[in-house]
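Just so you know, these numbers use all the heavy atoms, side chains as well, and skip hydrogens, waters and symmetry mates. Both ligands and their constituent atoms are indexed starting at 1 by order of listing. One-based numbering along the sequence shown.
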Amino acid sequence: MSHNFPELKNDLLLRTLNGEEVERPPVWMMRQAGRYLPQYMKLRKKYTFFERVETPELACEITIQPIDELEPDAAIIFSDILTIPQALGIDVDLVKDVGPVMDNPIRSVDDAFAIFAEDVPEKLNHVMEAITLTRKELNGRVPLIGFAGAPWTLFCYMVQGQGSKNFAKAKAFMYQHPDAAQHVMKELTKATIDYLKAQIEAGAQVVQLFDSWSGLLSPEDFNKWAMPYLMEICDAIDEVPVILFAKGSWYALERLSFKSNASALGLDWTITPEYGREATRGNTVLQGNFDPSKLMMPREEIRRQTKRMIDRFGTQKYIANLGHGILPNIAVDNARTFVDTVKEYSATD
Ligand code: CP3
């Protein structure tokens, strides 16, 4: 299927990801569509989370809300990383004050070997429809980012059955039943590749891979349980740039930079810009890494610290973003200050 999408007017993110010289860094925020926006809260009252995700018109509207409100340089499709577990037969519910909960998580070796990545794009066709619709409705204002969760992070939820600080059940399962865990990871890798390719076909111009929980693994376990699958996914996607966010896995930056096919690496706020540049030897586009909690600071301080972040990363090979998702209790004007400061940045100020 080929689409006839409106021409892209703001290609700053794409040029940065292609390694081109740019006039200033592009800016967007992880989880920029969400509960800090009053527009989002209005729709949240009327529909459940998965109704919002599964109805292309709603997902499209929610994706564009932060674009209208804050004018960042990219949109990210409103969806969730837990769509893949759903497509693989795990029921996911979003429970108030708890987060995602699965009624039938992987509890046994048999459950694990019963996981097969079949027809994932077909089962998640609503996501592709939302992407195609959003691409049209954005009318070329900014590029549209698609995304997926990385296999390790999805495995965490699929075994733990809900969010957790340490995903101890998931880790125990992996150490006790490595063959079964490996089977799940391989199926997740296949599902993720098929899913991302379908998103690209539907109109995603960049994709981001979220390994939100990779920081729970020791460096040795990261090499075994995360790295090979991240590499395989990045290698398989050559149609559009891939942003890889392996949160907490600072020790892997050098290898991810030189050995993976990712176009950019996301950094969380526990890493200094200098460390990020040194580890990747200036080779890689870096994205991040403003501590999301710092958006609680007075606006003058947000402005000062955002400027300082850009001074330290430099204006080239850099995508300004938070170091993780925006928090629900952030004032819209504080988020705006972050975005505006990047857009107004000039090194001489
Ligand atoms: O960035 C965006 O604006 C796009 C939308 C997006 C959502 N989830 C919407 C969402 C993205 C990129 C995600 C990814 C996601 N989902 C991740 C990886 C990124 C990260 O933050 O580490 C993870 C781990 C999930 C799983 C998930 N979904 C959790 C843990 C929760 C509950 C916690 C929370 O933030 O409420 C969700 C629900 C969720 N996904 C919400 C949104 C806007 C909140 C839903 C609501 O209460 O209205």
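Taking atom 32 (C) of ligand 1 as the reference point, the nearest protein heavy-atom neighbour is P100 CD, 3.8 Å. For atom 12 (C) of ligand 1, the nearest protein heavy atom (residue, atom name, distance) is F147 CZ, 3.4 Å. Nearest protein heavy-atom neighbour of atom 26 (C) of ligand 1: D80 OD2, 3.5 Å. Scanning the protein heavy atoms around atom 20 (C) of ligand 1, the nearest turns out to be H324 NE2, 3.0 Å. Scanning the protein for heavy atoms near atom 14 (C) of ligand 1, the closest one is I81 CG2, 3.6 Å. Nearest protein heavy-atom contact of atom 18 (C) of ligand 1 is S212 OG, 3.2 Å.
Residues S249 and G215 come closest through the heavy atom pair OG-N, 3.8 Å.
Of the listed options R52, M30, R31, R31 places a heavy atom closest to atom 15 (C) of ligand 1. Counting heavy atoms only, Y40 comes closest to atom 48 (O) of ligand 1 of the residues F78, Y40, F49.
Ion pair R24/D73 flagged as a salt bridge, since at least one NZ, NE, NH1 or NH2 atom sits closer than 4.0 Å to an Asp/Glu carboxylate oxygen. Between K190 and E187 there is no salt bridge, since no side-chain N of the basic residue sits under 4.0 Å from a carboxylate O of the acidic one. Residues R141 and D68 are paired through a salt bridge, judged by an N-O separation under 4.0 Å between the basic side chain and the carboxylate. Between E69 and R336 there is a salt bridge, since at least one side-chain N of the basic residue sits less than 4.0 Å from a carboxylate O of the acidic one.
Remark: distances from the non-hydrogen atoms of G163 to ligand 1 are all 4.0 Å or more.
Contacts with ligand 1 closer than 4.0 Å are made by side-chain heavy atoms of R44 only, the backbone lying farther away. Heavy atoms of R35 found under 4.0 angstrom from ligand 1 belong exclusively to the side chain. The backbone of I77, and not its side chain, has at least one atom closer than 4.0 Å to an atom of ligand 1 (non-hydrogen atoms only; backbone = N, CA, C, O). Heavy atoms of S79 found under 4.0 angstrom from ligand 1 belong exclusively to the backbone.
Looking at ligand 1, you won't find any N or O of Y157 less than 3.5 Å from one of its N or O atoms. Considering backbone and side-chain N/O of Q32, one or more are found under 3.5 Å from N/O of ligand 1.
Remark: aromatic rings of F155 and F167 are distant, center separation not under 6.0 Å. Note: F147 and F78 fail the aromatic proximity criterion, with ring centroids not under 6.0 Å apart. The aromatic ring centroids of H183 and F116 lie less than 6.0 Å from each other.
The distance from ligand 1 to the heavy atoms of A33 drops below 4.0 Å at these ligand atoms: 3 (O), 43 (C).
The cationic group of R281 lies under 6.0 Å from the six-membered ring centre of F258 and within 45° of the ring axis, placing it in a cation-pi geometry.
The one candidate from N321, I67, L70 that meets the side chain to side chain contact (heavy atoms under 4.5 Å, CB included) condition with Q32 is I67.
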